[in-house]
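Below is one structure; the comments refer to it alone.
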Amino acid sequence: MKFSNFVRVHWTAFRALLVLTVITGLAYPVFIWLVAQIPGLHDKAEGSILTANGKPVGSRLIGQLFTDKDGNPLPQYFQSRPSAAGNGYDPLSSGASNLGPESVVDTPADPAQLASGKSASDAGFKPSLLTTVCSRSAAVGQLEGVDGSRPFCTGGGVGAVLSVIGPRDARGNVTHPTRVVSVNEPCPTTPAPFVTLYEGVRVECAKYGEDYTIGQIVPVRGAAPADPAVPADAVTASGSGLDPNISPAYADLQVARVAKARHVSPDQIRQVLAQNRNGRILGFFGEPCVNVLQLNLQLDRRYPVTS
């Protein structure tokens, strides 16, 4: 290539670099910054920060926990939905648990490690999505003083799942059970399985180290109501793990507890709650919701907790 052609080609490339740098590196960021200064958009551009006593306490767009140092819910506050982001609402670990509807069988803990003083999680226990939902529902029910039972959950708050062992038909269904095991209720910590008999066969509780995958996994619906008292968003995390909102149904469930902790009437709490309910965007996008941080801050201003 001639030197003149070399210079011409590279000079053209350099000019293109300069033009694109000015457009994408300077003009576009400045334009976006100017748009962000428009009244009504500036607060959102700054992160929708909420303050208390002049100090920032969080963002309207990112949820947070309202618990004590041991992770117990603070009774004077409305509680957020569960979060799978880090230890809860960690923006640096945003994400879901990645467990799906087929996650119904727990990974049991090693009894020897439990006996040595280790926690269940350190001993290898990994709850299924079903057991996680069941345990959360039982905990919320106890906290709010309502029935926390759900379909396919045992009374102890684990997934009501059986491994049915026996000969199968062409479709893989067990035709004549010879052994039935409650896989999420381990022996000897469980006094008795959640159900005594299944198709005439006595139900056993699971024993650590035994393989029950040879059986047909059968979730048992049980007698829980089809419409549980504890709403779905009280027991399931959002896809991001950062959802700042809860459903009006979950908020209504918490009114009595918050009113008692703040020494006011439930109607007073409902009045503040009504002021913080958000409808569907443009009337049809999404679902009605309540921003938990915004609601709790307003309650602190109107009905502060005194020791």
Side-chain angles (χ1 to χ4, degrees), residues 63 65-68 71-84 88 96-97 99-101 103-104 106 127-161 182 184-185 193-195 219-239 241 243-280 286-293 295-296 299:
L65 300 174
F66 295 89
T67 56
D68 61 20
N72 300 311
L74 293 169
Q76 69 269 32
Y77 289 117
F78 281 83
Q79 296 298 305
S80 307
R81 68 184 302 180
S83 171
S97 67
L99 298 178
S103 175
V104 298
D106 304 341
S128 62
L129 177 61
L130 178 59
T131 287
T132 298
V133 167
C134 293
S135 61
R136 285 172 177 168
S137 189
V140 171
Q142 184 176 10
L143 177 66
E144 309 300 347
V146 299
D147 181 10
S149 63
R150 306 185 80 81
F152 305 105
C153 296
T154 72
V158 301
V161 179
S182 178
N184 292 337
E185 294 183 307
F194 70 95
V195 62
V220 179
R221 189 192 181 285
D227 186 16
V230 178
D233 63 310
V235 297
T236 56
S238 65
D243 190 352
N245 304 314
I246 58 175
S247 67
Y250 188 24
D252 290 339
L253 186 68
Q254 304 182 59
V255 167
R257 167 179 52 79
V258 174
K260 181 178 180 181
R262 293 182 180 270
H263 306 291
V264 296
S265 71
D267 285 341
Q268 288 173 292
I269 300 297
R270 290 191 186 97
Q271 183 180 15
V272 179
L273 175 59
Q275 296 170 356
N276 287 274
R277 292 196 184 196
N278 301 310
R280 292 180 172 88
E287 294 293 333
C289 63
V290 177
N291 188 281
V292 181
L293 176 58
L295 171 61
N296 284 334
L299 286 172

## Note on the structure
Correct closest heavy-atom pair for D106 and N184 would be N-OD1, 2.8 Å
### Query
Yes or no on side chain to side chain contact (heavy atoms under 4.5 Å, CB included) for V272 and Q268, after CA distance, side-chain angles and deciding distance?
CA-CA 7 Å; V272 179; Q268 288 173 292; over 6 Å; no
### Query
Okay, side chain of R262, backbone of Q76: is any donor-acceptor separation there less than 3.5 Å?
yes
### Message
Please evaluate residues S265 and D267 with respect to the criterion side chain to side chain donor-acceptor pair (under 3.5 Å), reporting the C-alpha separation (whole Å), side-chain torsions for both, the decisive distance (0.1 Å), and the verdict.
### Response
CA-CA 5 Å; S265 71; D267 285 341; 5.3 Å; no
### Query
Shortest non-hydrogen contact from P225 to S149?
CD-OG, 3.7 Å
### Query
Below 4.5 Å, heavy atoms only, C-beta onward: do T236 and V133 meet side chain to side chain?
yes
### Message
Working note: V290 + F78, criterion side chain to side chain contact (heavy atoms under 4.5 Å, CB included); need CA distance, chi angles, decisive distance, verdict.
### Response
CA-CA 10 Å; V290 177; F78 281 83; over 6 Å; no
## Note on the structure
Nearest heavy-atom approach of S182 to E185 is OG-OE1, 2.8 Å
#### Entry: Distance, nearest 0.5 Å, that separates CG of L99 from CG of L129
5.5 Å
### Message
With a 4.5 Å cut-off on side-chain heavy atoms, are L273 and D252 touching?
### Response
yes
### Message
Can you give me the closest heavy-atom contact between R277 and P248, atom names plus distance?
### Response
NH1-CB, 3.6 Å
### Nearest heavy-atom neighbours spanning V292 and N245
CG2-C, 4.5 Å
### Query
Within a strict 4.5 Å, meaning less than it, do heavy atoms of the R81 and S238 side chains meet?
yes
### Message
Keeping S103 on the side-chain end and S128 on the backbone end, is there a donor-acceptor pair under 3.5 Å?
### Response
no
### Task
Measure the shortest side-chain to side-chain distance between V140 and L253 over non-hydrogen atoms and say whether it is less than 4.5 angstrom.
yes
### Task
For residues A226 and P228, report the shortest heavy-atom separation together with the two atoms involved.
O-CD, 3.2 Å
### Heavy-atom side-chain contact between Y250 and Q79 under 4.5 Å
yes
### Query
Has Q275 got more than 12 heavy atoms of other residues, nucleotides or ligands less than 6.0 Å from its CD?
yes
### Task
Determine, stepwise, if the pair C134 / V158 fulfils side chain to side chain contact (heavy atoms under 4.5 Å, CB included).
CA-CA 5 Å; C134 293; V158 301; 5.6 Å; no
### Query
Within a strict 4.5 Å, meaning less than it, do heavy atoms of the V195 and V220 side chains meet?
no
### Query
Are R257 and Y77 in a cation-pi contact, defined as NZ or CZ under 6.0 Å from the six-membered ring centre and within 45° of the axis?
no
#### Entry: D227 atom CG, over 12 foreign heavy atoms within 6.0 Å
no
